[in-house]
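To keep things clear, I will list the structure first and then write my remarks on it.
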Amino acid sequence: MEQPTTPAPTDFIRDIIDEHLRTGKHAGRVATRFPPEPNGYIHIGHAKSVCLNFGLARQYNGTCNLRLDDTDPAGESMEYVESIIRDVRWLGFDWGDRLFYASDYFEKLYGFAVELIKRGEAYVCDLNADEVREHRGSFTEPGTESPYRNRSVEENLDLFARMRQGEFADGSHTLRAKIDMAAPNIVMRDPVLYRIKREPHYRTGDQWIIYPMYDFAHCLSDALENITHSICTLEFENNRPLYDWIVERLISGNRPQQIEFARLSVSYTVLSKRRLIELVQKNYVRGWDDPRMPTVSGMRRRGYTAEAIRKFCAEIGVAKNDNLIDVALLEYCVREDLNERAPRAMCILNPLKVVIDNYPENSTEQFECANHPQKPEMGTRQAPFSRVLYIERDDFLEDPPKKYNRLAPGREVRLRNSFIIKFESLVKNEKGEVVEIHCSYDPATRNAPPADGRKVQGVIHWVSAEHAVSAEVRLYDRLFTIPDPSAESEFLQYLNPDSLKVLTGCFVESSLKDAKPGAQYQFERLGYFCADEKDCQPGKPVFNRVVALRDSWAKMADKK
RNA sequence: UGGGGCGUCGUCAAGCGGUAAGACACAGGAUUUUGGUUCCUGCAUUCGGAGGUUCGAAUCCUCCCGCCCCAGCCA
């Protein structure tokens, strides 16, 4: 698979690695991993981690594993695993043959647990969840030791084996590390290492009824895979002492080192897995790949490219500051990428009929249109022109404000790629709405400037009524309108009911009747659109809005 | 409140004792058969605050203030 070229910025993680390289730690090796739990689809926040981990591996000529961190059977599934594999690949990264599952280590992890018991540093505790919590103490008070804390190694070994064999009820026993119930860091107050959970695991089925906790499984999985730099998000900083505690006891030689960075937040949206699951399960969206979702698959379906997402991840940087990235930066990265690659096309969202009175009836001519104004190598296409056209309703105003650069009574405009036309008259219906306008065209301006050098009011796009293809266009606005991060907890109340507007009665030029699903276009003056991966059908295309072109006209109108 | 982190432009983010990069956003202007693109220009005398060390501090020290994370048998 092609490895993308993303810029290699400097950041504190690279400083740490450089230092290791200098001192010879890990013998010059760099091994990272991307370890999602398969309990949902990955989103733009995961993409940051994917780009970081795989980017580091590539930059330092190392490796990056894809590991499914599936130690809690609840909510995990093969569908999620498949989506993760698909999405990381699509983002442009390759883990070679290094696809791993924490669940493949269950037997080894069990062995590590036994070893810890033998060292007298883990014990089986009969306290239930509530009792464990009570014994844990609080931020200000130390915890109290479990009455089961000082069982003999033999008893612990026996009990732990029986836990595995299914002798005890769910939640009745746990395996705990024997550390320090008075530790100021609550993570170190005899953390639970194994719990009993009779829930089928999507890979191991009912083979196990005890499952290792994250803190036990993750560091040891890293060690088993010879990871050198275990990069995770800031909320795990409190867990690092435990990570080291476990690894120091059970692993000899070079040990992985945990390094934390700030997770991504993006304005106006929500990236919490819990909340995204809720959106899908309660059908607020049409699925994980709904184009309004901040998931990788949603963005792909919406028309964002992997390159744009990678560019974004490189642009935001990696640091330890809590951050809230302006969604405008994401959209900038998408626009920048699409501007290069998206062929231009004309589309009328809201048609207004225009009759060119002095153009012969039953006549058609073809205009050759550049697919990209700055890139002749992208070729041309033919656009049929005839006497009856559709233009965008917004492109005509009977009584235009100053600065309006489009068609109006008494004015001339350029029809993009074709003639200059001049307003002649209009037709209204009984309600007083303009339903049709009549214009004349200047044959001498066929893709040429007027001979007399006169300037026209602007350039608008059009489509031949007879040849145009009807299309459905979906305008996606932001799914949320969360005003600031502190309001995020009430996320459902900020769902934007207008986040999806379906426009029917739209027309696209005939060259788009076979638009390839997934292909992006720039509809001139309207924005970037993507032929919908799922709903687009030849002959009647469905387009999703990717991002809008800057709406300068709207901005001017706002100003005055 | 105990512990762990973090505070540099509206938003990200470089900077690591030698006198505040860059990007987005924003504001002007030029070019343009997309109000797009491109291209110029402007945008932190100041780095959470107050003291101190120093010829010199965003960078070192002290105190203070603010924000985030931790009391799941989630990850």
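Keep in mind the model is a prediction, meaning the values are calculated, not measured. Just so it is clear, the values below take in all heavy atoms, side chains as well, and ignore hydrogens, waters and symmetry mates.
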Report summary line: Among the nucleotides B/G36, B/C70, B/A75, whichever has the atom closest to the side chain of A/Phe139 is B/C70

**Report entry** All side chain to side chain donor-acceptor pair (under 3.5 Å) counterparts of A/Thr380, not counting sequence neighbours
**Finding:** A/Glu368

Query raised in the report: What integer number of Å spans the C1' atoms of B/U32 and B/C47?
Result: 41 Å

Query raised in the report: So, A/His20 versus A/Gln257: side-chain donor-acceptor pair below 3.5 Å or not?
Result: yes

Query raised in the report: What integer number of Å spans the C1' atoms of B/C9 and B/A23?
Result: 12 Å

Query raised in the report: Base, sugar-phosphate, or nothing: which does A/Met213 touch, judged by heavy atoms less than 4.0 Å apart?
Result: sugar-phosphate

Report task. Would you indicate which nucleotide in B/C26, B/U34, B/C70 comes nearest to any side-chain atom of A/Arg550? Result -> B/C26

Report task. With P as the reference atom in both, quote the distance from B/A44 to B/C67 in angstrom, rounded to an integer. Result -> 28 Å

Query - Parallel, tilted or perpendicular: ring planes of A/Phe106 versus A/Trp208, cut at 30 and 60 degrees - result: perpendicular

Query - Enclosure of A/Asp206 CG (heavy-atom neighbours >12, cutoff 6.0 Å) - result: no

Report summary line: Partner of B/U33 under the Watson-Crick or G-U wobble criteria, both distances under 3.5 Å, comes out as none

Requested in this report: Using the P atoms only, state how far B/A20 lies from B/G48, rounded to an integer number of Å.
Outcome: 16 Å

Report summary line: Residue set satisfying side chain to side chain donor-acceptor pair (under 3.5 Å) with A/His173, at least two apart, ordered chain then number -> A/Asp126

Query - Within residues 230-245 of chain A: residues closer than 4.0 Å to RNA chain B (heavy atoms) - result: A/Glu235, A/Phe236, A/Glu237, A/Asn238, A/Asn239

Query raised in the report: So what does A/Pro449 hit on the nucleic acid, given a heavy-atom distance under 4.0 Å: a base, only sugar-phosphate, or nothing?
Result: nothing

Query raised in the report: Touch check for A/Ala448, heavy atoms < 4.0 angstrom, all strands: base, sugar-phosphate only, or nothing?
Result: base

**Report entry** Watson-Crick or G-U counterpart of B/G17, or none if no pair lies under 3.5 Å
**Finding:** none

Query raised in the report: Using a heavy-atom distance cut-off of less than 4.0 Å, which residues of residues 316-324 of chain A contact RNA chain B?
Result: A/Ile316, A/Val318, A/Ala319, A/Lys320, A/Asn321, A/Asp322, A/Asn323, A/Leu324

Query raised in the report: Do the two ring centres, one from A/Phe543 and one from A/Phe529, sit under 6.0 Å apart?
Result: no

Report summary line: The glycosidic conformation of B/G5, counting syn as within 90° of 0 and anti otherwise, is anti

Requested in this report: Return the nearest nucleotide to the side chain of A/Val459; candidates are B/G2, B/G35, B/C24.
Outcome: B/G35

Query raised in the report: Is a side-chain donor or acceptor of A/Asn185 paired with a backbone partner of A/Asn238 at a separation under 3.5 angstrom?
Result: yes

Query - Nucleotide nearest A/Thr71 (side chain, heavy atoms from C-beta), chosen from B/A75, B/U33, B/C70 - result: B/A75

Report task. Consider the side chain of A/Thr174, meaning its heavy atoms from C-beta on, and name the nucleotide among B/G2, B/A14, B/C73 that approaches it most closely. Result -> B/C73

**Report entry** Whole-Å P distance, B/G3 and B/C64
**Finding:** 13 Å

Query - Residue closer to the 5' end of RNA chain B, A/Glu340 versus A/Tyr194 (nearest nucleotide) - result: A/Glu340

Requested in this report: Measure from the side chain of A/Arg406, starting at C-beta and using heavy atoms only, and say which of B/G35, B/G36, B/C74 lies closest.
Outcome: B/G35

Query raised in the report: Which part of the nucleic acid, if any, lies within reach of A/Arg133 when heavy atoms closer than 4.0 Å are counted: base, sugar-phosphate only, or nothing?
Result: sugar-phosphate

Query raised in the report: A/Gln374 near the nucleic acid: base, sugar-phosphate alone, or nothing, with a heavy-atom cut-off under 4.0 Å?
Result: base

Requested in this report: Consider only side-chain N and O atoms of A/Glu79 and A/Ser77, and report whether a donor and an acceptor are under 3.5 Å apart.
Outcome: no

Query - P atoms of B/G18 and B/G56, separation to the nearest Å - result: 15 Å

Query raised in the report: Can you tell which of B/G35, B/A71, B/A23 lies closest to the side chain of A/Ile186?
Result: B/A71

Report summary line: Under a 3.5 Å limit on both distances, the Watson-Crick or wobble mate of B/U62 is B/A50

Query raised in the report: Below 6.0 angstrom between ring centroids: does that apply to A/Phe507 and A/Tyr390?
Result: yes

Query raised in the report: C1' atom, B/C16 versus B/C63: distance in rounded Å?
Result: 23 Å

Requested in this report: Check every strand shown and say whether A/Leu338 touches a base, only sugar-phosphate, or nothing at a heavy-atom separation below 4.0 Å.
Outcome: nothing

Report summary line: Among the nucleotides B/A25, B/C12, B/C24, whichever has the atom closest to the side chain of A/Ile325 is B/C12

Query raised in the report: Nearest to the side chain of A/Ala328 - B/G15, B/C24, B/U1?
Result: B/C24

Query raised in the report: So what does A/Asn128 hit on the nucleic acid, given a heavy-atom distance under 4.0 Å: a base, only sugar-phosphate, or nothing?
Result: base

Query raised in the report: Hey, what's the ring geometry for A/Tyr521 with A/Phe523, parallel, tilted or perpendicular (30° and 60° as the breaks)?
Result: parallel

**Report entry** Watson-Crick or G-U wobble mate for B/G2, both contacts under 3.5 Å
**Finding:** B/C70

Query raised in the report: Whom does B/C12 pair with, Watson-Crick or G-U wobble, provided both distances fall under 3.5 Å?
Result: B/G22

Report task. Between B/C61 and B/C69, how far apart are the P atoms? Round to whole Å, please. Result -> 27 Å

Query - Sugar-phosphate, base or nothing in reach of A/Arg335, heavy atoms under 4.0 Å - result: sugar-phosphate

**Report entry** Proximity to the side chain of A/Arg525 - top-ranked nucleotide from B/G35, B/G72, B/U37
**Finding:** B/G35

Query raised in the report: Would A/Tyr332 and A/Phe312 count as a ring-ring contact (aromatic ring centres under 6.0 Å, His included) if you check the C-alpha gap in whole Å, the side-chain angles of each, and the deciding distance to 0.1 Å?
Result: CA-CA 9 Å; A/Tyr332 159 78; A/Phe312 172 72; over 10 Å; no

Query raised in the report: Who pairs with A/Asn371 by side chain to side chain contact (heavy atoms under 4.5 Å, CB included), at least two apart in sequence or on another chain?
Result: A/Pro343, A/Met378, A/Arg381

Query raised in the report: What nucleic acid atoms does A/Asn447 come within less than 4.0 Å of, heavy atoms only: base, sugar-phosphate, or nothing?
Result: base

Query raised in the report: Looking across every strand, which nucleic acid part, if any, lies under 4.0 Å from A/Phe168 by heavy atom: base, sugar-phosphate, or nothing?
Result: nothing

Query - Set of salt bridge (charged side-chain N to carboxylate O under 4.0 Å, His left out) partners for A/Arg189, sequence neighbours left out - result: none

Requested in this report: Would you classify A/Arg416 as touching base, sugar-phosphate or nothing, given that sugar-phosphate means primed atoms plus P, OP1 and OP2, and contacts are heavy atoms under 4.0 Å?
Outcome: base

Query raised in the report: When all nucleic acid strands are considered with a 4.0 Å heavy-atom cut-off, which category describes A/Lys273: base, sugar-phosphate, or nothing?
Result: nothing

Query raised in the report: When all nucleic acid strands are considered with a 4.0 Å heavy-atom cut-off, which category describes A/Gln522: base, sugar-phosphate, or nothing?
Result: base

